[in-house]
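We're numbering straight along the sequence, starting at 1.
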Amino acid sequence: MTDGESGAVFRLAYVPGVTPAKWVNVWTERMPDIPLTLVTVPAAEAVALLRDGGADAAFVRLPVDRDGLSVIPLYVETTVVVVPKDHAVAAVDEVAIADLADEEVFHPLDDTIEWAVRPGLPAFTRPATTANAVELVASGTGLLLVPQSLARLHHRKDLTYRPVPDAPQSQVALAWPTEATTELVEDFIGIVRGRTVNSSRGRTPSPTEKPAPRQTPKPAQNRSGRRPVPTSRKGKSHRPR
């Protein structure tokens with residue numbers, strides 16, 4: 001952000017596959033005087049960008065080094081296998097990791113999935129990026145497992161993908177430097193959490209702010225002109241004859 005709240009710009013970074021449009025739209029409606037600048041960043045560089053002050057907050061893929069960061073996990077993505085459309089996998093609805101045991105599987109250097117054991121057989125190379133790996137899959141030299149959003153991002157007409165339910169999954173989170181938790185960061189956290197515009201949660205109340213005094217409701221006025229009848233009296237009154 002620029003110096004001071006007046007004329008500030010909120011810088012939001014996001015890694016490939018994350019679509020921040022819905023949160024950006026809410027920000028634009030609620031904070032029309034404070035522009036939001038989007039910064040695309042490779043998944044492996046998102047934390048460094050935050051620590052270097054290149055963004056106020058970022059959508060990252062877990063796990064990340066949380067030292068000095070505040071992190072709010074948001075959602076988990078389905079892992080899918082990307083294959084050529086004429087591959088045997090394309091004929092089924094979903095795939096198990098065991099089904100890929102004899103397949104060559106690419107493991108790009110920017111892989112966002114944390115594998116205890118990598119699936120399939122090692123491919124002939126480790127591509128630098130997921131985009132490079134997708135190109136190699138299209139050439140018929142191996143398969144690729146990625147979060148579903150990345151499969152959609154790198155969609156090609158000659159490729160398809162299928163869910164792999166027993167594979168580890170990638171989790172998306174909102175992160176920001178803890179020591180730089182400004183009011184604008186709190187505002188964005190509120191938007192991501194789905195708080196309404198009138199909600200006070202998410203911001204630290206100012207020491208000068210005091211709750212409004214509670215007012216005692218006034219008794220209802222009797223506009224008929226008649227004397228009110230005590231509610232404690234039961235039955236009808238009888239005049240003496």
Short question: side chain of [X], backbone of [Y] - any donor-acceptor pair under 3.5 Å?
X	Y	result
Trp115	Ala167	no
Asp166	Ile97	yes
Ser170	Ile113	no
Arg61	Pro16	yes
Arg11	Val39	no
Thr160	Lys85	no
Arg126	His107	yes

Is there a side-chain contact between [X] and [Y] in this structure, where contact means two heavy atoms from C-beta onward sitting under 4.5 Å apart?
X	Y	result
Leu150	Thr112	yes
Trp176	Asp56	no
Val146	Val80	yes
Val83	Arg162	no
Pro84	Val137	yes
Arg152	Tyr161	yes
Trp23	Leu12	no
Val18	Tyr75	yes

Single hit among Asn132, Thr130, Thr129 for side chain to side chain donor-acceptor pair (under 3.5 Å) with Asp110
Thr130
How close do Val164 and Ala96 get, counting heavy atoms only, and between which atoms?
CG1-C, 4.2 Å
For a quick test of reading the model, state the closest non-hydrogen atom pair linking Pro35 to Ala8 and the distance between them.
CD-O, 3.5 Å
Between Asp65 and Arg51, is there a salt bridge with N-O shorter than 4.0 Å?
yes
Joint hydrophobic cluster, Ile72 plus Leu69, side-chain heavy atoms closer than 4.5 Å
no
Any link between Phe124 and Leu100 through a network of hydrophobic side chains (Ile, Leu, Val, Met, Phe, Trp, Tyr) touching at under 4.5 Å?
no
Taken in chain and number order and not counting sequence neighbours, the residues that satisfy side-chain contact (heavy atoms from CB on, under 4.5 Å) with Asp102 are none
Report the residue from Thr125, Leu144, Leu143 that forms a side chain to side chain contact (heavy atoms under 4.5 Å, CB included) with Leu136.
Thr125
Using the side chain to side chain contact (heavy atoms under 4.5 Å, CB included) rule, pick out the option among Val185, Asp187, Val192 that qualifies with Ile189.
Val185
Run the numbers on Phe106 and Thr141 for side-chain contact (heavy atoms from CB on, under 4.5 Å), then give the verdict.
CA-CA 9 Å; Phe106 291 109; Thr141 54; 3.3 Å; yes
Around atom CD of Glu104, are there more than 12 heavy atoms of other residues, nucleotides or ligands at under 6.0 Å?
yes
